[in-house]
Amino acid sequence: MSEPDNVVGDGGQPARVILRGPLRESMKAPPTVFEAVGGRAFFDDLVDRFYDAVERDPLLRPMYPRDLQESRARLAGFLAQYWGGPPHYSEERGHPRLRMRHMHFAIGRAERDAWMAHMTASLDVATLADGTGRPLSAEVRAAMFDHFDNAATHLINHTGATPGQDC
């Protein structure tokens, strides 16, 4: 008998979501990635590790407000919704408008790479929020990495060149 398209392991096996077909459809099909990783608690933990690193980063820290609590809640809420959780982020903030919300920051390759380094490190140690300490499945980790990589690259809006200099 063949496995259904989206399978969450149990009984000590790492949870696994097999992503088939368009990624967006797979993310919304039961069980969603949100459900497979253990819900909002997973995203809160991922984002807390990320922002703990950002707080110590001399390149990125100046881009964020002094108090990071709201930033943490917003990013965790967005990611939870994006990966199939409830639409609380959109209900509170409207459309994510990622590029517009970040346009007033000069984001070059160095900022993008620093952001990705912190998010990748957070993702690398992420475990399911089910109390077992099991790591993410390779499929889910790869899908999340690809999302972060694409989003971070999309936000680049600055070449680092000085005015009048060729870019």
side-chain contact (heavy atoms from CB on, under 4.5 Å) partners of Thr132, counting only residues at least two apart: Asp130, Arg134
Closest non-hydrogen atom pair between Ile107 and Leu155, with its separation: CB-O, 3.6 Å
Between CG on residue Leu60 and CZ on residue Phe105, distance to nearest 0.5 Å: 10.5 Å
Validation row: His104, Asn157 side chains within 4.5 angstrom (heavy atoms): no
Any pair counted as salt bridge (charged side-chain N to carboxylate O under 4.0 Å, His left out), so long as it reaches residues 91-117, sequence neighbours left out: Arg112-Asp149
Ring centres under 6.0 angstrom apart (Tyr51, Tyr64): yes
Verdict with supporting geometry, Phe43 and Val37, side chain to side chain contact (heavy atoms under 4.5 Å, CB included): CA-CA 9 Å; Phe43 297 99; Val37 300; 3.8 Å; yes
Heavy-atom pair of closest approach, residues Leu128 and Leu136: CD2-CD2, 3.9 Å
Side-chain heavy-atom pair Leu123, Phe148 within 4.5 angstrom cut-off: yes
ILVMFWY network linking Val140 to Val125, side-chain heavy atoms under 4.5 angstrom: no
Shortest non-hydrogen contact between Arg40 and Ala80, atoms and distance: CD-CB, 4.0 Å
Check: Asp57 side chain, Ala114 main-chain N or O, donor-acceptor pair, under 3.5 Å: no
Rounded distance (nearest 0.5 Å) linking atom CE of Met119 with atom CZ of Phe145: 11.5 Å
Short N-O contact, Asp52 and Arg72, less than 4.0 angstrom: yes
For Leu79 against His147, the heavy-atom pair lying closest together: CD2-NE2, 4.3 Å
Residues that Pro65 engages under side-chain contact (heavy atoms from CB on, under 4.5 Å), provided they are two or more places apart: Leu68, Ser71
Interatomic distance, His102 atom NE2 to Trp115 atom CH2 [nearest 0.5 angstrom]: 8.0 Å
Backbone of Phe78 reached by a side-chain donor or acceptor of Gln81 within 3.5 Å: no
Lys/Arg-Asp/Glu bridge criterion (N-O < 4.0 Å) met for Asp45, Arg49: no
From CE (Met144) to OG (Ser137), nearest 0.5 Å: 9.0 Å
Main-chain N/O of Arg66 paired to Arg61 side chain as donor or acceptor, under 3.5 Å: yes
Plane angle bin for His118 and Phe50 - parallel if under 30°, tilted between 30 and 60°, otherwise perpendicular: perpendicular
Atom pair CH2/CG of Trp83 and Leu46 - distance to nearest 0.5 Å: 11.0 Å
